[in-house]
Protein chains: 2
Amino acid sequence: MSETALRKETADGSAVAEPKTLVEAAYHRLRRDIIEGHLKPGEKLRVEHLKDQYDVGAGTLREALQLLMTDALVVAQGQRGFNVAPISLSDFEDITRTRVLIECEALRQSIQRGTDEWEGAVMAAFHRLSRAEERLDWEVESSREDWEGRNKTFHEVLISACPSRWIRHFQLLLYRQSERYRRLSMNNNPIPRDVHAEHLKLCEASVARDADRACAVLTEHIIRTLDAIRSLPPSVIEPPAKVASVGRGKARNGDAQ
Amino acid sequence: MSETALRKETADGSAVAEPKTLVEAAYHRLRRDIIEGHLKPGEKLRVEHLKDQYDVGAGTLREALQLLMTDALVVAQGQRGFNVAPISLSDFEDITRTRVLIECEALRQSIQRGTDEWEGAVMAAFHRLSRAEERLDWEVESSREDWEGRNKTFHEVLISACPSRWIRHFQLLLYRQSERYRRLSMNNNPIPRDVHAEHLKLCEASVARDADRACAVLTEHIIRTLDAIRSLPPSVIEPPAKVASVGRGKARNGDAQ
DNA sequence: TCAATACGTTTTCTCGAGATTTTTTCTTTG
DNA sequence: CAAAGAAAAAATCTCGAGAAAACGTATTGA
């Protein structure tokens, strides 16, 4: 087994905090696996199994799981262990509505308080995003990931001038939640809509300091994802509410990893 | 020190989850001590010392602390341990502004979706609060606690018909944050304002389904607490950023903050 | 055939000890 | 007198093992 080169394995250059401790490393890896769907919604998270898979101690993994409760990606009830947070259409509707409220407020504050440097950063991020959109091929994994990263950056830059820490905190939480649903949408219904036009209008309105118009565009932009999810077959978003572990009988326990 | 009656010591009839595990018990006790100010803002939380004080193991207390990061009452950085979240006037301004946004949205949704039963519950809670306000004596501890509880209940009932789990989640987070500042305000400047009139207008507007007026009243109601904090001497809210230990002699604080 | 109960296995929760890292203090030097 | 460096001390982080609880299964009775 690996002996030494284990501590610095996290390859996802994360946003701000570099994972210095094993707990944080496990936290980042778990969060990634949950958002990407390798750990399915509602799935039971057994510490005994996961500690081998992630090569950490039981207590360490436990702490990482409790840290994931902050993002509401993991739920725990009493003495019955941890589960991946379930998903549902109503939950995503709630997330979307709340996200519209939060992101619009963030955008308003950003437009109001943004400096010229902020305008420049918005233009730059939009330009980089446009370039990626031009050569976007939904079949190629790397191309899609590249676009995703630049899309996230663009939206981050847009609200980067928002001075409210709490608004930004809530925005991040909701964005991570919606990431899970968005990936579902992309995997099952890869019909790209014309996001470039939306981004263009959003960029124009923001730089023009037209908060009302920018928020209107952003609202529609966010709600579009909800419509995409609504158009999915219900079986995708509402899997049979399996409560616990290996389904009784011979239901294949296809927990891959 | 307590020996056995540790499991059920939390006397604050908490919202939903009774502390079944030691981790949750320690979590509730720590949260209470932080909100009440026994653990001061910015104070270092040494696991070795606290594990004796709370009669739990080191790992257990560690997990409780990580659970408290969910409420943003504890902060941790890398490998340098835990600290009580610091406070500042600008932070409370941010909390207040965001709280206005969230609580108003919650109230709007509650007014829109509330049933007749909700109206009745609002009236009942207001009545109970009024009774407590009539015989409120700021000198008596029990009277103050009674009023506090009914006040919290009144505001909870007001937004209880809000169907959004995320809005309610954010509301709870911000309320707990502001609790810490409110206690500061009450301990240092016990000048009661005429909250009864505010509550009356809030109740009337809500039951009359006048969302705009209700939100206006609620906004002013929340901002009043900010004004109370603003009127405090700065030394109360911005204590000298003492790091931790028995700082004796030579107060050379070269921290760049 | 169905329901209720008791047992065995699995999982969770908790505690104490060892390795790394950070902080403090003391000594030495310009 | 101030500053840099090194050693000591404290605290943190991590791991493995033992007790308590929950889940699943099998058995028994109507």
Side-chain angles (χ1 to χ4, degrees), chain A residues 1-4 6-10 17-29 42-69 74-84 242-251 253 255, chain B residues 4 6-7 17-29 43-67 69 74-84 242-255:
Chain A
M1 308 299 183
S2 58
E3 292 175 350
T4 58
L6 186 66
R7 318 270 147 135
K8 324 199 109 189
E9 194 168 350
T10 60
E18 285 298 313
K20 283 294 280 184
T21 70
L22 285 183
V23 172
E24 291 193 24
Y27 162 76
H28 283 286
R29 291 182 60 190
E43 181 176 338
K44 189 127 184 46
L45 295 170
R46 294 184 196 75
V47 177
E48 298 299 313
H49 291 182
L50 267 60
K51 83 186 179 78
D52 300 329
Q53 183 171 344
Y54 288 87
D55 284 332
V56 293
T60 302
L61 186 58
R62 208 182 147 65
E63 293 186 16
L65 287 173
Q66 251 153 0
L67 219 44
L68 272 167
M69 294 175 63
V74 163
V75 293
Q77 39 178 329
Q79 216 143 350
R80 269 177 271 179
F82 300 90
N83 287 79
V84 179
K242 55 190 299 185
V243 181
S245 59
V246 288
R248 33 182 328 209
K250 353 205 133 141
N253 51 352
D255 48 4
Chain B
T4 58
L6 188 65
R7 319 270 148 135
E18 284 298 311
K20 285 292 282 186
T21 69
L22 287 183
V23 172
E24 291 192 24
Y27 162 76
H28 283 286
R29 292 183 58 192
E43 182 176 338
K44 190 132 186 41
L45 295 170
R46 295 184 197 75
V47 177
E48 299 298 313
H49 291 182
L50 266 59
K51 84 187 178 76
D52 300 329
Q53 184 169 345
Y54 287 86
D55 285 330
V56 293
T60 303
L61 186 58
R62 210 182 143 67
E63 293 186 16
L65 287 173
Q66 252 154 359
L67 219 45
M69 293 175 63
V74 163
V75 294
Q77 38 179 332
Q79 217 144 348
R80 269 176 272 180
F82 300 89
N83 288 79
V84 179
K242 60 184 299 184
V243 182
S245 60
V246 287
R248 66 155 172 288
K250 310 175 174 153
R252 61 193 309 277
N253 49 354
D255 56 352

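Scope of the values below: all heavy atoms of this structure, side chains included, with no hydrogens, waters or symmetry mates. To find a chain, count down the sequence lines: A is the first, B the second, and so on, and within it residues start at 1. Just so it is clear, the model here is predicted, and its values are computed rather than measured.
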Exercise for the section: Look at B/R46 and D/dA10 and indicate whether a side-chain polar atom (N or O) is within less than 4.0 Å of OP1 or OP2. Expected result: no
Problem - Atom pair distance, as rounded to whole Å: CD in A/E48 and C1' in D/dG18 - result: 13 Å
Practice task
Classify the nucleic acid contact of A/L45 as base, sugar-phosphate or nothing, counting any heavy atom under 4.0 Å across all strands shown.
Solution key: sugar-phosphate
Exercise for the section: Return yes if some donor-acceptor pair links the side-chain N/O of A/N83 with the main-chain N/O of A/V75 below 3.5 Å, else return no. Expected result: no
Practice task
State which of D/dT12, D/dT14, D/dC15 makes the closest approach to the side chain of A/V23.
Solution key: D/dT14
Practice task
Report yes if at least one side-chain N or O of A/H49 is closer than 4.0 Å to OP1 or OP2 of C/dT10; otherwise report no.
Solution key: no
Problem - Out of D/dT14, D/dT12, C/dT23, whichever nucleotide has its closest atom nearest the side chain of A/L22 - result: D/dT14
Handout entry: Validation row: B/F82, B/M69 side chains within 4.5 angstrom (heavy atoms)
Key = yes
Handout entry: Spacing of A/Q77 atom CD relative to D/dA21 atom P, expressed in whole Å
Key = 17 Å
Problem - Which nucleotide in C/dT12, D/dT14, D/dA22 has an atom nearest any side-chain atom of B/R62 - result: D/dT14
Problem - Between C1' of D/dT12 and CD of B/Q66, the distance in whole Å - result: 12 Å
Problem - Whole angstrom value for the distance that separates C1' of D/dA10 from NZ of B/K44 - result: 11 Å
Handout entry: Between D/dC13 (P) and B/L50 (CG): distance, integer Å
Key = 14 Å
Handout entry: Atom pair CD/CZ of B/Q53 and B/R29 - distance to nearest 0.5 Å
Key = 8.0 Å
Problem - Interatomic distance, A/T21 atom OG1 to B/R80 atom CZ [nearest 0.5 angstrom] - result: 12.5 Å
Exercise for the section: Locate the shortest heavy-atom distance separating B/L61 from B/K51; write the atom from each residue and the value. Expected result: CD2-N, 3.4 Å
Exercise for the section: For A/E24 and D/dT14, give me the distance from atom CD to atom C1', rounded to whole Å. Expected result: 14 Å
Handout entry: Atom-pair distance (CG on A/D55; P on D/dC15), nearest Å
Key = 9 Å
Exercise for the section: Nearest whole angstrom, please: distance from the P of C/dG16 to the CG of B/D52. Expected result: 10 Å
Exercise for the section: Determine the contact category for B/G81: base if any of its heavy atoms lies under 4.0 Å from a base atom, sugar-phosphate if only primed atoms, P, OP1 or OP2 are that close, otherwise nothing. Expected result: sugar-phosphate
Exercise for the section: Would you indicate what A/Q79 reaches in the nucleic acid, counting non-hydrogen atoms under 4.0 angstrom: base, sugar-phosphate, or nothing? Expected result: sugar-phosphate
Problem - D/dT12 OP1/OP2 closer than 4.0 Å to side-chain N/O of A/T21 - result: no
